[in-house]
Q: 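Take this structure first; my questions come after.
In each ligand, atom 1 is the first atom listed, and ligand 1 is the first ligand listed. Just so it is clear, the model here is predicted, and its values are computed rather than measured. Along the sequence shown, residues carry numbers from 1.
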Amino acid sequence: MILLQNPAQYAGTIEEFIWLAVALHVLVLSLPHLKYQLLLYAWITYCVGLILDLFDDLMAIEFIPVNTFDTSLKHLGFMLVCYGLHTIIQQKRDTIAALNHEIAQRHKLEQKLKFDATHDELTGLGNRRACFEQFEPLCASSAYLYYFDLDNFKQANDRYGHHIGDQILQSVAQAMSKQFSANACFRIGGDEFVAFTQDDSLQEEGLRAALMEEVFEYGVGVSIGRTEADPSVDPDVLLHQADLGMYENKANKALRKSVR
Ligand SMILES: Nc1nc2c(ncn2[C@@H]2O[C@H](COP(=O)(O)OP(=O)(O)OP(=O)(O)O)[C@@H](O)[C@H]2O)c(=O)[nH]1
């Protein structure tokens, strides 16, 4: 038996009916996506509350305290929905934080791989690949290209051991970075280095003394070749010119030694 005695009650019942229809519709729509069971139960609880509410309005049944149940269930359902949503958001946040962390780690690894691919592990200078990659811009911004090759390095290795040989290479690289810009120095072979500079005041003997300062005691020397940096010339040709200069320098020193 339906008890709708006045228009205000009628309007209230219609409103509750609409709420129930909307809630059930949302429930049906979200069913395929409801992998979160808590949210599903919360929504069902809310709908049951709405149904009881409707009964309360439509039926004049006083033998169950429907009034108490419908409001409680609606509130309970609503709170559980809120809690469920909060939990989901928290889980998504954690996932996003984990993904961000992974992206940052990958970025770091990428940077490291890139650095390792273009730098010499022992001295930290750019390697041969980096030298060729940056050759043109460095030539364009420099006046000279220097080529260095250590003298008697093999003997130093044999006499003092490989670890001292490594230290010699590191010391020379460090001294070179002080004389030139560190970004413009490269280790392109075992004991061969290349450097670019804008400075035209460098003197061969001064440069040699600076590079050998820490390693002179091991009996090593350095031969130096120089050529004008010209970005329009092929890198191989320029390096060859500087290399020839270095060999000439090495030969002259050997000749001077033998004459003495
Ligand atoms: N310790 C060390 N030795 C290296 C490294 N790379 C290459 N070498 C050594 O460097 C030496 C280079 O040979 P050479 O250029 O003939 O040595 P050198 O005695 O300076 O010869 P000259 O230039 O004719 O005076 C070889 O004995 C290599 O084994 C390295 O990373 N560490």
Side-chain angles (χ1 to χ4, degrees), residues 109 111-135 138-139 142 144-197 199 202-229 233-260:
L109 184 68
Q111 298 290 97
K112 188 185 176 318
L113 288 176
K114 203 171 167 188
F115 185 89
D116 289 350
T118 52
H119 286 78
D120 170 45
E121 199 183 347
L122 181 68
T123 61
L125 294 183
N127 60 17
R128 190 179 184 86
R129 171 199 282 217
C131 178
F132 277 91
E133 275 176 7
Q134 296 165 36
F135 207 92
L138 279 170
C139 262
S142 308
Y144 294 103
L145 160 65
Y146 278 85
Y147 200 112
F148 304 94
D149 183 284
L150 299 187
D151 306 325
N152 309 319
F153 183 57
K154 190 176 175 319
Q155 285 98 306
N157 253 342
D158 294 344
R159 188 163 175 197
Y160 300 103
H162 217 257
H163 67 288
I164 294 289
D166 284 354
Q167 280 178 27
I168 292 172
L169 292 171
Q170 286 168 331
S171 293
V172 171
Q174 216 169 4
M176 204 174 284
S177 300
K178 282 184 193 154
Q179 293 297 312
F180 304 89
S181 156
N183 295 335
C185 299
F186 302 89
R187 181 183 175 206
I188 62 164
D191 63 350
E192 291 167 60
F193 299 84
V194 159
F196 296 80
T197 183
D199 188 354
L202 290 175
Q203 297 297 315
E204 189 187 308
E205 283 315 313
L207 194 51
R208 177 172 288 114
L211 296 185
M212 293 295 105
E213 195 179 347
E214 302 285 327
V215 297
F216 193 71
E217 59 184 293
Y218 298 110
V220 292
V222 62
S223 296
I224 304 173
R226 188 181 88 163
T227 190
E228 280 183 22
V233 179
D234 188 77
D236 283 322
V237 174
L238 275 187
L239 275 178
H240 184 60
Q241 281 173 12
D243 193 24
L244 285 180
M246 182 278 294
Y247 270 114
E248 205 175 307
N249 187 248
K250 200 177 276 268
N252 286 340
K253 282 191 296 170
L255 190 66
R256 280 204 296 272
K257 227 183 200 173
S258 68
V259 169
R260 258 187 251 142

Q: For ligand 1, indicate whether the residue Asp191 contacts it via side chain, backbone, both or neither (heavy-atom separation under 4.0 Å).
A: side chain
Q: What atoms of ligand 1 come closer than 4.0 angstrom to any heavy atom of Gly165?
A: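 Answer, ordered by atom number: 1 (N).
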Q: Of the side chain and backbone of Asn157, name the one, both, or neither that has a heavy atom under 4.0 Å from an atom of ligand 1.
A: side chain
Q: Counting C-beta onward and ignoring hydrogens, is there a side-chain heavy-atom pair between Tyr147 and Leu244 closer than 4.5 Å?
A: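 Tyr147 vs Leu244: side chains apart.
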Q: Is the closest N or O pair between Asp151 and ligand 1 shorter than 3.5 Å?
A: no
Q: Could you tell me if the side chain of Leu207 sits less than 4.5 Å from the side chain of Phe180, heavy atoms only?
A: yes
Q: Determine if the distance from atom 23 (O) of ligand 1 to the closest protein heavy atom is below 4.0 Å.
A: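 Neighbour list for atom 23 (O) of ligand 1 includes protein heavy atoms (cut-off 4.0 Å).
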Q: Take atom CD in Glu228; do more than 12 heavy atoms of anything else shown fall under 6.0 Å from it?
A: no
Q: Under a 4.0 Å heavy-atom limit, does Val220 contact ligand 1 with its side chain, its backbone, both, or neither?
A: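 It is neither part, as no heavy atom is under 4.0 Å.
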Q: For ligand 1, which atoms, with element, lie under 4.0 Å from some heavy atom of Asp149?
A: 23 (O)
Q: Quick one: are the ring centres of Phe196 and Phe135 less than 6.0 Å apart?
A: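 Yes: the rings meet the under 6.0 Å criterion.
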Q: Are a donor atom and an acceptor atom from the side chains of Ser223 and Asp151 found within less than 3.5 Å of each other?
A: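 Distance-only check passes for Ser223 and Asp151.
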Q: Could you tell me which atoms of ligand 1, counted from 1 in the order shown, lie closer than 4.0 angstrom to a heavy atom of Leu150?
A: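 Counting atoms of ligand 1 from 1, those under 4.0 Å from Leu150 are 20 (O), 23 (O), 25 (O).
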Q: Are Gln170 and ligand 1 in contact, using a heavy-atom cut-off of under 4.0 Å?
A: no
Q: Looking only at distances, please establish whether an N/O atom of ligand 1 is found under 3.5 Å from an N/O atom of Leu169.
A: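 Looking only at distances, the answer is no, because the N/O contact criterion of under 3.5 Å is not met.
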Q: Residue-level breakdown please: for Arg187 versus ligand 1, do any non-hydrogen atoms fall below 4.0 Å on the side chain, on the backbone, on both, or on neither?
A: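 Just the side chain.
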Q: Could you go through Glu204 and Asn249, starting from their C-alpha distance and side-chain angles, then the distance that decides it, and tell me whether this counts as side-chain hydrogen bond (donor to acceptor under 3.5 Å, both in side chains)?
A: CA-CA 10 Å; Glu204 189 187 308; Asn249 187 248; 2.8 Å; yes
Q: Hey, are the side chains of Val222 and Asp191 touching, using non-hydrogen atoms and a 4.5 Å cut-off?
A: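 No; the side chains remain at least 4.5 Å from each other.
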Q: Does the protein come close to atom 13 (O) of ligand 1 - that is, does one of its heavy atoms sit below 4.0 Å from that atom?
A: no
Q: Please check if atom CD in Glu217 has more than 12 non-hydrogen atoms from other residues, nucleotides or ligands closer than 6.0 Å.
A: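 For Glu217, atom CD is crowded (more than 12 foreign heavy atoms under 6.0 Å).
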Q: State the atoms of ligand 1, each with its element, that fall below the 4.0 Å cut-off from a heavy-atom position in Gly190.
A: 6 (N), 7 (C)
Q: What part of Lys250 sits under 4.0 Å from ligand 1 if we count only heavy atoms: the side chain, the backbone, both or neither?
A: side chain
Q: Compare all side-chain heavy atoms of Val172 with those of Thr123 and state whether any distance is below 4.5 angstrom.
A: no
Q: Return yes or no for this condition: an N or O of Phe153 is under 3.5 Å from an N or O of ligand 1.
A: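 N/O-N/O distance under 3.5 Å: yes.
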Q: Could any protein non-hydrogen atom be found less than 4.0 Å from atom 2 (C) of ligand 1?
A: yes
